[in-house]
Amino acid sequence: MKTLLNIIWLVLAGFWLALGYVLAGIICCILIITIPFGIASFRMASYALWPFGRTVVDKPTAGAWSVIGNVIWVIVAGWWLALMHIITGIAEALTIVGIPLALANWKMVPISLFPLGKQIVPSDRLMAAYGQ
C-alpha cells in the first residue's frame, strides 16, 4: 500500500514539492553560511518525493543552533515551502482519492517550517523501537 500511495503522491504532488525544496537548497548553498540550510532542504526534498513508509523524528544531538537556524529558515524559505504544502493539500482534498495525500501534505507543514534538528527514518524502524 505504501508503494501505491508513493507512486500516486509522486505523480500528483511529490515531484513539484521536491523541486521546490531543491530550488530552496540551491539558493541556500550559494552562501557558505547557509549551506546547512541547503543540506536540510535537500534532505526534505527526498522526503517530499517519497514520504510514505518514512517518518520524521527529533534528532537527539540537536542543540540550540538548530533552534536558531529554524528561526532563520522560517523567515528565508520555510514559510513559502509550508504554503506550497497547504495549497497542494487543499487541491488534493477535493477528491476522495486525494484525501490521504492531503493529510500527508498537511503533516509536512511543521517539518517544512522547522527542518533543522530532525531526521528522516523508516517507519518500521520507529515501530521496532516502540516494540510494535
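It should be emphasised that the depicted structure is a prediction, and the values quoted were computed from it without experimental measurement.
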Do [X] and [Y] come within less than 4.5 Å of each other through their side chains, counting heavy atoms only?
X      : Y     : answer
Trp106 : Thr88 : no
Cys28  : Trp73 : yes
Leu49  : Leu17 : no
Val76  : Ile72 : yes
Leu12  : Ile8  : yes
Val22  : Ile26 : yes
Gln119 : Val56 : no
Ser46  : Arg54 : yes

Original post:
Glu92 and Ala102: which non-hydrogen atoms are nearest, and at how many Å?
Top reply: OE1-N, 3.3 Å
Subject >> Straight-line distance of Asn6 CG to Trp50 CH2, nearest 0.5 Å >> reply: 4.5 Å
Subject >> From Ser66 atom OG to Phe114 atom CZ, the distance as rounded to the nearest 0.5 Å >> reply: 11.5 Å
Could you check whether atom [atom1] of [X] has more than 12 heavy atoms from other residues, nucleotides or ligands sitting under 6.0 Å from it?
X     : atom1 : answer
Leu94 : CG    : yes
Trp16 : CH2   : no
Leu31 : CG    : yes

**OP:** Give the ring-plane orientation class for Tyr21 versus His85, where under 30° counts as parallel, over 60° as perpendicular and anything between as tilted.
**Re:** tilted
